[in-house]
Amino acid sequence: MANFDFNANCLKAYQLIFELKLSSARQLIAQERKVRPSNSIVPLLENYADYFQLITSESKIDFDRMKEMKSKRLSQIADDNAGSPYYLYAQAEINLQWAMLRSRYGEYFGAAREIKKANGQLQENNKKYPGFQLNAKGLGLINVIIGSLPEGMMKSTLSTFGLRGNVREGLAMLERLAINLPKSTDEPFYEEVIFYYAYVLSDVVKSPDAYSKTMKFTARIADSSLLKSYLRAYVCSRNGHTDEAIAILSARPASDTYQSFPYLELLMGTAKLNKLDLSAALNFKKFLQLNKGVNYIRDANLHLAWISLLNGDTGSYNGYMGRVKTSGNSYHEKDKQALNEAGEEMPNQELLKARLLFDGGYYSRASALTGAMDPDRLKAGRDKAEYYYRSGRINDALNKDAAAVKDYQQAVQAGKNLKYYFAANSALLMGKIYAGKKQNALAKAAFNEAIAMKNHEYENSIESQAKEGLRSLVN
């Protein structure tokens with residue numbers, strides 16, 4: 001008999017982890033270890049608790065300390081009876097969780113090795129136990145992540161290992177699980193599947209269905225789950241449903257039983273600022289006060305700088321921009337972008353407002369702002385390129401395709417020789433409009449134009465999306 005006993009006690013601990021009640025979960029896990037020291041579900045649960053502690057705290061110190069536990073946990077599992085579907089599955093889960101944590105701190109080679117290991121373990125487990133549907137959770141995630149990686153260290157290392165992903169296949173695997181788990185004995189794993197599915201839809205593939213699918217699939221999760229509040233608020237704020245994001249965050253469950261999650265203050269601040277509510281400053285300051293990690297510090301200071309600028313306080317603006325340069329770290333894309341912006345001249349206030357309103361999904365308000373501006377009165381270079389880019393994005397969101405294409409063309413003209421992303425992203429978005437209208441020759445030209453532009457912000461990401469656009473024209 002294999003010592004992989006997902007008993008009632010372990011199941012309860014697992015559920016508490018996914019509600020983000022980590023200290024209660026750890027107590028149950030410790031009891032289980034005491035009563036049944038050879039139960040190899042215990043090291044898996046310990047790893048889950050560490051994983052969620054690290055993604056909620058963003059603490060690099062805890063990350064460096066906790067990663068030492070990985071090999072010890074894997075050894076306990078590897079010494080166990082291999083005759084259980086959990087034998088390879090549990091090892092793959094631990095490898096995959098550490099791969100995702102490492103990639104947050106730039107440890108790409110280690111992350112790539114762990115993805116390779118996890119993939120091999122899950123493939124083998126799938127052959128041995130084809131009816132064990134949880135294999136599809138990790139395999140789906142791996143397919144989507146590898147299939148959508150931009151050019152860079154991680155992608156080249158994984159291709160050296162012979163790993164190729166398939167975004168569509170991965171998404172289909174996760175969607176099937178989301179639909180089938182509630183009807184099966186594996187129903188307790190539903191929340192975890194939705195956690196990963198919502199993440200890849202919103203963050204990895206930036207799917208237009210991210211909002212509707214996340215809201216649909218999270219509906220059956222209990223409101224006592226702080227993770228549910230996070231997933232819903234995050235997907236709402238990323239997809240232009242700002243008022244809904246603010247309502248969800250305001251009503252989120254709160255007590256000492258939940259893991260501290262300072263990022264939620266940053267999320268609330270961002271949502272408020274996207275409707276030009278300058279009381280958002282309180283949330284950004286609270287985030288900086290509660291935060292024990294190294295991520296999002298530059299990003300929070302950038303937002304505080306913008307609030308100062310919109311309040312007409314250029315002295316504070318410069319002070320916060322100074323902090324963007326000197327505090328925090330640049331592991332995260334948001335912090336890299338904040339650092340880029342700190343090296344630029346002060347933004348045009350009206351364009352900044354249009355940008356924030358657009359991000360918040362307030363397209364008509366944003367359109368009224370850009371409509372009242374005269375691009376000929378803007379400084380040549382960055383401001384002009386940004387004006388046409390912002391106007392294009394707003395028209396695009398309002399389904400005014402002809403106006404959007406015209407704006408994007410002007411953004412390309414004004415910005416193609418600058419280091420900003422406005423021109424390249426305009427070409428990419430133009431390609432998407434043409435592709436949607438089945439004007440394949442024009443789409444191909446626009447995607448190629450996006451690829452041809454070099455030495456600008458987000459170059460890898462824009463290029464990989466343009467290449468994906470070209471591939472979809474062939475299919």
Side-chain angles (χ1 to χ4, degrees), residues 55 57-61 63 101-108 111 149-154 203 206 237-238 262-263 265-267 269-270 273-274 280-281 283-310 313-349 351-356 358-359 381-383 385-386 389-390 415 417-425 453-465:
I55 62 172
S57 74
E58 299 280 351
S59 168
K60 178 77 163 67
I61 295 166
F63 166 76
L101 289 167
R102 279 186 213 282
S103 63
R104 290 167 90 95
Y105 293 105
E107 295 187 9
Y108 297 124
L149 275 176
E151 297 302 327
M153 165 77 175
M154 191 83 158
D203 262 23
K206 298 177 177 59
S237 65
R238 284 287 299 243
Y263 177 79
E265 289 295 337
L266 186 84
L267 199 53
T270 306
L273 187 53
N274 284 346
N283 300 97
F284 292 119
K285 285 174 182 170
K286 195 168 178 189
F287 165 76
L288 289 169
Q289 186 190 327
L290 296 172
N291 178 49
K292 303 279 190 293
V294 294
N295 290 336
Y296 305 111
I297 295 172
R298 297 192 200 279
D299 184 50
N301 279 305
L302 175 71
H303 283 85
L304 284 165
W306 287 344
I307 291 169
S308 301
L309 182 62
L310 296 175
D313 183 351
T314 53
S316 291
Y317 169 85
N318 290 325
Y320 282 119
M321 279 305 201
R323 285 186 211 170
V324 173
K325 293 175 188 171
T326 55
S327 58
N329 233 303
S330 294
Y331 296 117
H332 197 277
E333 200 56 58
K334 289 270 189 194
D335 291 320
K336 285 178 192 160
Q337 182 59 16
L339 195 56
N340 276 346
E341 301 209 22
E344 298 301 332
E345 58 196 63
M346 201 178 281
N348 175 294
Q349 281 195 47
L351 287 176
L352 176 59
K353 285 180 194 170
R355 172 186 181 176
L356 291 166
F358 173 82
D359 287 346
R382 179 192 161 126
D383 284 359
E386 182 174 6
Y389 173 71
R390 300 278 168 225
N417 298 318
L418 303 173
K419 61 178 179 177
Y420 309 108
Y421 65 94
F422 307 128
N425 211 37
M453 284 183 242
K454 302 293 177 196
N455 306 317
H456 57 79
E457 302 158 325
Y458 303 125
E459 186 178 331
N460 285 345
S461 169
I462 291 170
E463 189 169 312
S464 97
Q465 285 183 70

Undergrad: In Å and rounded to the nearest 0.5 Å, what is the NZ to OG distance from Lys292 to Ser59?
TA: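 Rounded to the nearest 0.5 Å, the NZ-OG separation comes to 9.5 Å.
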
Undergrad: Quick one: CD on Glu333 to CG on Asp203, what's the gap to the nearest 0.5 Å?
TA: 11.0 Å

Undergrad: Could you walk me through whether Gln337 and Glu341 pass the side-chain hydrogen bond (donor to acceptor under 3.5 Å, both in side chains) test, one step at a time?
TA: CA-CA 6 Å; Gln337 182 59 16; Glu341 301 209 22; 3.1 Å; yes

Undergrad: Any side-chain heavy atom of Thr314 sitting closer than 4.5 Å to one from Ser308?
TA: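 No; the side chains remain at least 4.5 Å from each other.
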
Undergrad: Report the distance from atom CG of Leu351 to atom CD of Glu386, rounding to the nearest 0.5 Å.
TA: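 Leu351 CG to Glu386 CD: 4.5 Å, rounded to 0.5 Å.
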
Undergrad: Aromatic ring centroids of Tyr420 and His456 under 6.0 Å?
TA: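 Between Tyr420 and His456, the centre distance exceeds or equals 6.0 Å.
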
Undergrad: Side chains of Lys334 and Asn295, heavy atoms from C-beta outward: is any pair under 4.5 Å?
TA: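 No, side chains not in contact.
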
Undergrad: Can you confirm if the NZ or CZ of Lys60 lies within 45° of the ring axis of Tyr105 and under 6.0 Å from the centre of its six-membered ring?
TA: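 Yes; both conditions hold, so Lys60 lies above the ring face of Tyr105.
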
Undergrad: In terms of ring plane angle, is the pair Tyr296 and Phe287 parallel, tilted or perpendicular, where the classes change at 30° and 60°?
TA: perpendicular

Undergrad: I need the minimum non-hydrogen distance between Tyr317 and Pro347, along with the two atoms involved.
TA: OH-CD, 3.1 Å

Undergrad: How long is the span from the CG atom in Leu309 to the CG atom in Asp313, to the nearest 0.5 Å?
TA: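 Leu309 CG to Asp313 CG: 9.5 Å, rounded to 0.5 Å.
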
Undergrad: Got Lys353 and Trp306 here, is their nearest side-chain heavy-atom distance under 4.5 Å?
TA: no

Undergrad: Which atom pair, heavy atoms only, marks the closest approach of Ala111 to Met154?
TA: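 Where Ala111 meets Met154 most closely, the heavy atoms are CB-CE, 3.7 Å.
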
Undergrad: Can Glu463 and Lys454 be counted as an ion pair, charged N to O under 4.0 angstrom?
TA: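 A salt bridge is present here (some side-chain N lies under 4.0 Å from a carboxylate O).
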
Undergrad: Can you tell me how far CG of Asn340 sits from CD of Glu457, rounded to the nearest 0.5 angstrom?
TA: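 Glu457 CD to Asn340 CG: 5.0 Å, rounded to 0.5 Å.
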
Undergrad: Taking the side chain as C-beta and beyond, is there a heavy-atom pair between Arg390 and Phe422 under 4.5 Å?
TA: yes

Undergrad: Do the side-chain N and O atoms of Arg298 and Ser327 include a donor-acceptor pair separated by under 3.5 angstrom?
TA: no

Undergrad: Is Asp359 salt-bridged to Arg238, cutoff N-O under 4.0 Å?
TA: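 Here Asp359 does not pair with Arg238 in a salt bridge, since their nearest N and O are not under 4.0 Å apart.
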
Undergrad: If you look at every heavy atom in Ala280 and Gly269, which pair is closest and at what distance?
TA: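 Shortest heavy-atom separation between Ala280 and Gly269 comes out as CB-O, 3.2 Å.
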
Undergrad: For a 4.5 angstrom cut-off between non-hydrogen side-chain atoms, does Phe284 reach Ile307?
TA: yes

Undergrad: Would you say the side chain of Arg382 lies within less than 4.5 Å of the side chain of Glu344, judging by non-hydrogen atoms?
TA: yes

Undergrad: Which heavy atom of Met321 sits nearest to which heavy atom of Ala305, and what is that distance?
TA: CG-CB, 4.0 Å

Undergrad: When Phe63 is tested against each of Arg104, Glu58, Arg102 for side chain to side chain contact (heavy atoms under 4.5 Å, CB included), which residue passes?
TA: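 The residue from Arg104, Glu58, Arg102 that satisfies side chain to side chain contact (heavy atoms under 4.5 Å, CB included) with Phe63 turns out to be Arg102.
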
Undergrad: Got a sec, which residues hit ring-ring contact (aromatic ring centres under 6.0 Å, His included) with Tyr421, two or more places apart in sequence or on another chain?
TA: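 Tyr421 satisfies ring-ring contact (aromatic ring centres under 6.0 Å, His included) with Tyr389, Tyr458 once adjacent residues are dropped.
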
Undergrad: Can you confirm whether Asp299 sits close enough to Leu266 that some side-chain heavy atom of one is under 4.5 Å from a side-chain heavy atom of the other?
TA: yes

Undergrad: Looking at Asn291 and Ile297, what are the two nearest heavy atoms and their distance?
TA: ND2-CG1, 3.4 Å

Undergrad: What I'd like to find out is whether the side chain of Leu304 reaches to under 4.5 Å of the side chain of Leu288, using heavy atoms alone.
TA: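 In short, these two side chains touch, coming nearer than 4.5 Å.
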
Undergrad: Look up atom CG in Leu302 and atom CG in Leu339, then write down how far apart they are to the nearest 0.5 Å.
TA: 10.0 Å

